[in-house]
Amino acid sequence: MFGRVLFILFLTTAQCTLPKDQEYWKKLAREEFEGSLSLQINNNIAKNVILFVGDGMGINTVTATRIYKGGASHRLAFEKFPFTGLLKTYSANKMVPDSASSGTALFSGVKVNQETVGVDATVERGDCAASLKPAARLDSLAAQFLKAGRRAGLVTTTRVTHATPSGLYAHSAYRKWECEATMPQDAAECKDIARQLVEDWPGRDLHVILGGGRQVFETNSTNTKEDPYDTWSCRRRDNRNLTEVYIQDKEKRNLKYSYVKNTGELKEIDHQNTDYLLGIFANGHLKYEDERNTGDEGMPSLTDMVEAAIKVLSSDQNGYYLMVEGGNIDMAHHRGWAKRALNEAAEMENAVQLALRVTDPKNTLIIVTSDHGHTLSINGYPLRDSDITGIAQKSPYDGKNYTTLSYGTGGPDAMQYHVVSDGNGTKIVRDEPSILVATRFDYKQPAGIILDENSHGGGDVAIYATGPHAHLFTGVHEQHYVYHAVCCAAHVGDTAGVCSGAHAHTNTLILYTIILAFIVVQMFL
Ligand SMILES: *[C@@H]1O[C@H](CO)[C@@H](O)[C@H](O)[C@H]1NC(C)=O
Ligand SMILES: *[C@@H]1O[C@H](CO)[C@@H](O)[C@H](O)[C@H]1NC(C)=O
Ligand SMILES: *[C@@H]1O[C@H](CO)[C@@H](O)[C@H](O)[C@H]1NC(C)=O
Ligand SMILES: *[C@@H]1O[C@H](CO)[C@@H](O)[C@H](O)[C@H]1NC(C)=O
């Protein structure tokens with residue numbers, strides 16, 4: 001309490017000493033200007049592609065995360081990427097998309113109906129028969145990389161069968177068919193998403209699968225006090241153990257694999273003997289970054305998972321595709337916890353920094369984007385470096401403070417109004433936010449319209465790119481454009497060969513050198 005008061009005093013004093021002089025602004029501009037002048041087009045072929053998806057990370061979330069991490073003039077790692085664009089996120093049938101339709105657009109190159117995964121728009125939600133038609137089934141970036149003999153994997157803070165990651169490997173008429181228990185009678189011909197992941201192609205050939213979702217993999221999975229079942233989602237009932245199915249499949253095919261269940265095991269993987277990595281760390285989604293157990297027996301951070309994933313994927317010479325989802329950004333937004341959402345986005349930025357450190361910009365295309373926005377807004381006229389999760393100022397209308405962050409929509413507990421009766425009848429009165437409560441991770445920002453929970457937002461999302469062919473990701477584009485541009489940059493799929501450029505493939509170079517040396521030697525024999 002006393003510390004908080006001191007901190008607020010510090011902020012008030014710091015406010016007076018924030019640089020405002022001409023030189024400060026000119027220096028900021030000069031640095032950016034020099035960056036722009038030294039921009040170079042990298043026409044190499046992308047040997048590796050890492051696609052970060054901040055789920056629900058709309059532009060306001062990025063702005064708020066930047067301020068949360070370092071103040072208004074701060075730049076997040078991906079905000080320094082040379083190329084930036086905007087994506088239009090509407091789905092085939094809705095103005096505001098869900099993660100299944102938008103993930104499928106990003107990863108498979110066409111817009112599809114809301115809540116369908118990996119199938120085109122001929123499939124209506126829940127139409128099992130239509131989703132079984134081969135022509136309706138889409139090949140994802142993961143499938144294209146595997147076809148080209150390269151590696152592919154996914155990392156997420158949600159269940160590995162959730163809407164976004166499932167777009168890489170599943171074909172399902174309904175995103176909620178994560179396990180058999182939620183599937184209706186008329187979908188008996190269709191396989192649940194978890195089984196598609198471990199039994200079908202391309203799921204069973206993915207080199208990295210890291211995230212949550214044990215309850216859709218195993219009947220009666222471990223249920224401890226620390227890791228309760230997610231009651232919002234499916235729980236497997238058919239007595240299959242898909243973890244065991246995964247292991248049996250790799251053993252039968254004589255593939256080198258590792259299966260891990262916590263941070264300690266993830267850190268101790270024998271990378272010499274791991275071409276396939278399965279890590280399931282929770283029954284449902286992984287715990288939020290602010291509340292996870294950071295010990296070895298706990299759940300890993302997104303950065304821990306990305307580090308392990310890149311090690312497994314990069315041990316093959318031919319390159320890889322990795323999808324990384326900051327899935328809990330969206331989960332926190334849905335519950336109305338803005339600070340928690342910012343903290344999740346901040347952790348995804350840590351993972352981006354790690355990826356930048358361990359990859360080579362000559363051959364690795366790194367993209368950061370989002371599948372859709374949320375209804376988060378940054379309100380009023382707060383002081384330049386005031387706490388983004390705090391108070392903006394007093395409303396001249398009712399004389400009460402209001403928070404800088406609020407949502408357009410939210411659950412009933414985000415309603416911060418109540419009705420009061422006095423001698424003159426009844427009126428609606430707004431609750432005054434307390435600064436001590438508003439800055440907590442579990443504070444629900446006020447919402448304008450009350451629904452069951454905060455909904456997605458339909459605004460454009462930003463896309464940031466660096467590395468080979470990053471210049472394809474500038475301008476305003478349809479969301480499904482991303483798949484086509486990545487295929488082009490990486491020379492896979494339909495647009496392979498459209499993007500000209502040099503292979504930064506060292507093994508190809510070595511091969512050419514050997515052939516040349518062989519010819520030269522032949523000439524002299
Ligand atoms: C799961 O638990 C139920 C109830 O405890 C039990 O009847 C069932 O046999 C268990 N299934 C497995 C695969 O252990
Ligand atoms: C499922 O199989 C895995 C791997 O063999 C094992 O660790 C786990 O205990 C099994 N789960 C259940 C519920 O039997
Ligand atoms: C309103 O916010 C200001 C600035 O944070 C604070 O000093 C003041 O105590 C707040 N008023 C109430 C009634 O909470
Ligand atoms: C009712 O309204 C009158 C006129 O605006 C005001 O003077 C009075 O205080 C109000 N009564 C109560 C109980 O709020």
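All values reported here derive from a predicted model rather than from experimental measurement. For ligands, and for the atoms within them, numbers begin at 1 and follow the listed sequence.
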Give a yes or no on whether E291 atom CD has more than 12 heavy-atom contacts from other residues, nucleotides or ligands under 6.0 Å away. yes
Quick note on ligand 2: atoms under 4.0 Å from a heavy atom of N220 include exactly 13 (C)
Counting from 1 in the order shown, the ligand 3 atoms closer than 4.0 Å to a non-hydrogen atom of N401 are 1 (C), 2 (O), 3 (C), 8 (C), 10 (C), 11 (N), 12 (C), 14 (O)
So the atoms of ligand 2 within less than 4.0 Å of a heavy atom of E244 turn out to be 2 (O), 4 (C), 5 (O)
Candidates L278, T243, N241; heavy atom nearest atom 8 (C) of ligand 2 found on N241
CZ of R253 to CG of D249, rounded to nearest 0.5 Å, is 4.0 Å
Is the Y246 ring parallel, tilted or perpendicular to the Y257 ring (thresholds 30°, 60°)? perpendicular
| said: Please check if the number of heavy atoms outside K267 that lie under 6.0 Å from its NZ is greater than 12. | reply: yes
Note: E432, heavy atoms under 4.0 Å from ligand 3, region reported as side chain
(message) Pairs of nitrogen or oxygen atoms closer than 3.5 Å, one from E218 and one from ligand 2: do any exist?
(response) yes
Looking at T219, V245, L242, the heavy atom closest to atom 13 (C) of ligand 2 belongs to T219
Any heavy atom of I247 under 4.0 Å from ligand 2? The part involved is side chain
Check: Is R236 paired with D238 through a side-chain N to carboxylate O contact shorter than 4.0 Å?
Finding: yes
Between the CG atom in L210 and the CD atom in E325, the distance rounded to the nearest 0.5 Å is 13.0 Å
